[in-house]
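Hydrogens, waters and symmetry mates play no part in the numbers below; they use all other heavy atoms, side chains included. Here the structure is a predicted model, which is why all the values come from computation and not from measurement.
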Amino acid sequence: MGAKVLRAVVLGPPGSGKGTVCERIARSFGLQHLSSGQFLRESLGRGGGECPGCPPGPGAAEMLSCRSPSPSLPAGFPRTLGQAEALDRICELDLVISLNIPFETLKDRLSARWIHPASGRVYNMEFNPPHVHGIDDLTGEPLVQREDDKPEAVAARLRKYKDAAKPVIELYKSRGILHSFSGTETNKIWPYVYALLSNKIPPLHSEEEN
């Protein structure tokens, strides 16, 4: 019999660091980090599992599966009450991690993001800039800023997320499974996320290793 699967989701607005948190959880607790597309393909390929066919929505960018093959931790999903209700029909969650980052911090993070279109490489002009301004490090090709990363679009995205996510957060709060973490830096939020999960599943690596 396999180990009990921890079913959880990581919620947070665009730019809140959901992907980074999921990568650290994957390393620390021995989970496999999958994109939503990979997860769906693998679920279908093995004929289902504990939570087969989890519907992808906006922001369902990362998914993690436990040491057993069952999916355990989608990042950024669900974003709406309808998605939360769909997820309820698939599996019962054990906990929900919500990342609360100040509006201005998110706006600055997203507005400073530029990408290399061909590869999808992402740069941030504040903490991960290219060696040459506006140029991809590996190809020398120009970087572009997505339309939805421009300041006015970012503000609209964040307002839209807040409105849609509020009933989702209230739902999980009413069930007693919501755990909220506030801050402006992932490195300062991470120790608290690690401590929470360490009480649920045994870590493979210490907090300091991440």
Side-chain angles (χ1 to χ4, degrees), residues 6-29 31 33 36 54 56-64 72-88 92-113 122 124-128 146 148-201 203 207 210:
L6 176 73
R7 299 179 182 88
V9 296
V10 177
L11 303 179
S16 59
K18 297 183 296 293
T20 300
V21 168
C22 281
E23 288 170 3
R24 292 185 178 189
I25 292 173
R27 288 195 299 269
S28 295
F29 296 93
L31 307 182
H33 192 189
S36 55
C54 187
E62 294 86 20
M63 289 195 176
L64 305 176
S72 63
L73 202 159
F77 179 90
R79 274 198 175 181
T80 68
L81 193 56
Q83 291 177 352
E85 291 168 350
L87 188 58
D88 279 344
E92 182 179 353
L93 295 177
D94 298 307
L95 64 87
V96 175
I97 295 169
S98 178
L99 304 178
N100 300 322
I101 314 298
F103 182 94
E104 287 303 317
T105 299
L106 295 171
K107 189 175 177 182
D108 290 344
R109 281 184 190 177
L110 293 171
S111 299
R113 188 164 63 179
V122 178
N124 187 289
M125 297 305 170
E126 294 182 0
F127 56 82
N128 179 38
R146 299 187 316 177
D148 60 359
D149 282 340
K150 294 180 179 179
E152 59 278 9
V154 165
R157 287 171 65 195
L158 293 176
R159 285 194 297 269
K160 183 177 180 180
Y161 171 85
K162 183 178 179 181
D163 291 342
K166 184 177 179 179
V168 177
I169 290 171
E170 289 299 322
L171 172 67
Y172 293 135
K173 184 178 180 180
S174 71
R175 294 180 182 177
I177 60 173
L178 181 73
H179 300 266
S180 297
F181 301 93
S182 301
T184 59
E185 299 176 34
T186 301
N187 285 342
K188 293 183 178 179
I189 292 174
W190 167 245
Y192 298 100
V193 175
Y194 180 91
L196 169 68
L197 289 172
S198 294
N199 289 326
K200 307 290 183 182
I201 51 178
E207 168 204 326
N210 287 284

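- The shortest side-chain heavy-atom distance between Pro102 and Thr184 falls under the 4.5 Å cut-off.
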Stepwise side chain to side chain contact (heavy atoms under 4.5 Å, CB included) check, Leu110 with Arg146: CA-CA 10 Å; Leu110 293 171; Arg146 299 187 316 177; over 6 Å; no
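- The NZ atom of Lys160 sits 9.0 Å away from the CZ atom of Arg79 when rounded to the nearest 0.5 Å.
- Atoms NZ and CD, from Lys107 and Glu152 in turn, are 9.0 Å apart once rounded to the nearest 0.5 Å.
- The shortest non-hydrogen separation linking Leu197 to Phe29 is CB-CZ, 3.6 Å.
- Leu196 places a side-chain heavy atom less than 4.5 Å from the side chain of Ile97.
- Between Ile189 atom CD1 and Asn100 atom CG the span is 8.0 Å, to the nearest 0.5 Å.
- When side chains are defined from C-beta on, Leu106 does not count as touching Val154, because their heavy atoms never get closer than 4.5 Å.
- Taking every heavy atom of both residues into account, Thr186 and Ser16 meet most closely at OG1-O, 4.4 Å.
- Side chain of Lys18 to main chain of Pro13: a donor-acceptor pair is present (N/O by atom type, distance under 3.5 Å, no hydrogens or angles).
- Here the side chains of Lys200 and Asp94 are not in contact, with every heavy-atom distance at 4.5 Å or above.
- Looking at heavy atoms from C-beta onward, Ile25 lies in side-chain contact with Trp190 at the 4.5 angstrom threshold.
- Minimum interatomic distance between Tyr172 and Ala84 (heavy atoms only, all atoms of both residues): OH-CB, 3.6 Å.
- Partner Leu178 forms a side chain to side chain contact (heavy atoms under 4.5 Å, CB included) with one of Ile169, Leu171, Leu95, Val168 and no other, that one being Ile169.
- Between Arg24 and Asn187, some side-chain heavy-atom pair lies under the 4.5 Å cut-off.
- Interatomic distance, Met125 CE to Ser111 OG, rounded to the nearest 0.5 Å: 12.0 Å.
- The CG atom of Asp108 sits 13.0 Å away from atom CD1 of Ile101, with the distance rounded to the nearest 0.5 Å.
- Remark: the backbone N or O of Ser180 is not paired with any side-chain donor or acceptor of Tyr192 at under 3.5 angstrom.
- Atom-to-atom distance recorded for Arg113:CZ and Asp148:CG is 7.5 Å, nearest 0.5 angstrom.
- Between Asp149 and Arg157, some side-chain heavy-atom pair lies under the 4.5 Å cut-off.
- Side-chain atoms of Pro78 and Leu11, non-hydrogen and from C-beta on, do get closer than 4.5 Å to each other.
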